[in-house]
Amino acid sequence: MTARLVIMGPQGAGKGTQAARLAERLGVPAISTGDIFRANIKGGTELGVLAQSYSARGELVPDEVTNAMVRDRLAQADVEPGFILDGYPRNAAQVDELDAILGEHGVTLDAVVELTADRDELLARLARRAEIEGREDDTPESIARRLDIYAEQTAPLTTAYAARDLLVQVDGIGGIDEVTERLVAALGAVVPDAV
Ligand code: AMP
């Protein structure tokens, strides 16, 4: 059984946490482009230096860079049983690139899960996360910029995925366990053997 999923949702909707939990449940890797960039920034790699110049401001890293990184990651052996992509694709060009990459491997997505939450709840959660984790890009300006980019560039992708009958929407407001159970229940209809 395989499960090839994308998890979408604005920053602060609990995407990363839920992607990790789902991945464990499904026995597939959770691939977070934000985490890969952060690891590179921490390690001081060339990719990290470049990524930081964008991510610190809340801007997207250029597509050529991000796409190449995802292409490499999806060529690795551990994605054979599937994957959960968290934070990618984030714009229409990345949707096309993901389709192309998967096509080269002869596979397709099973579902795109969108975690929904309203802006006030997100701002409150991000402010709490900023205090706890001290992420460099959790400044008020960067948070606002990331939420704007999500609304302008990423949220419209859900319409495209809905038209392909791939979209599964799940309410992201609630306790962590509660939201995980909602996700599993919603995915049960799409990838029944996987959850
Ligand atoms: P995240 O942890 O998903 O919020 O990502 C943190 C930062 O990494 C973002 O604000 C972007 O600067 C960069 N990033 C992550 N994923 C992507 C992507 N798919 N395309 C471009 N930049 C990204």
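We count ligands from 1, going down the list as the structure has it; atoms in each ligand are counted the same way.
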Can you tell me which residue pairs pass the side chain to side chain donor-acceptor pair (under 3.5 Å) test with a partner in residues 153-174, sequence neighbours excluded?
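For residues 153-174, and leaving out neighbouring residues, the side chain to side chain donor-acceptor pair (under 3.5 Å) pairs sorted by first residue read Asp99-Arg164, Glu114-Gln169.
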
The complete set of side chain to side chain donor-acceptor pair (under 3.5 Å) pairs with one or both residues in residues 26-35, sequence neighbours excluded, reads Asp35-Arg38

> So which residues, sorted by chain and number, lie with a heavy atom under 4.0 Å of ligand 1?
Replying inline: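 Close residues (ligand 1, cut-off 4.0 Å): Gln11, Thr33, Gly34, Phe37, Arg38, Ser55, Glu59, Leu60, Val61, Thr66, Gly87, Tyr88, Arg90, Gln94, Arg135, Asp137, Arg146.
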
State, yes or no, whether a side-chain contact exists between Phe83 and Leu85 at a heavy-atom distance under 4.5 Å.
-> yes

Could you pull out all donor-acceptor pairs under 3.5 Å where a side-chain atom in residues 5-17 meets a protein atom, sequence neighbours excluded?
{"residue": "Lys15", "atom": "NZ", "partner": "Asp86", "partner atom": "OD1", "Å": "3.3"}

Keeping Asn40 on the side-chain end and Leu47 on the backbone end, is there a donor-acceptor pair under 3.5 Å? no

So that I can tick it off, tell me whether Glu104 and Arg71 are bridged by a salt bridge, with the cut-off set at under 4.0 angstrom between side-chain N and carboxylate O.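 Answer for the salt bridge query: yes.
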
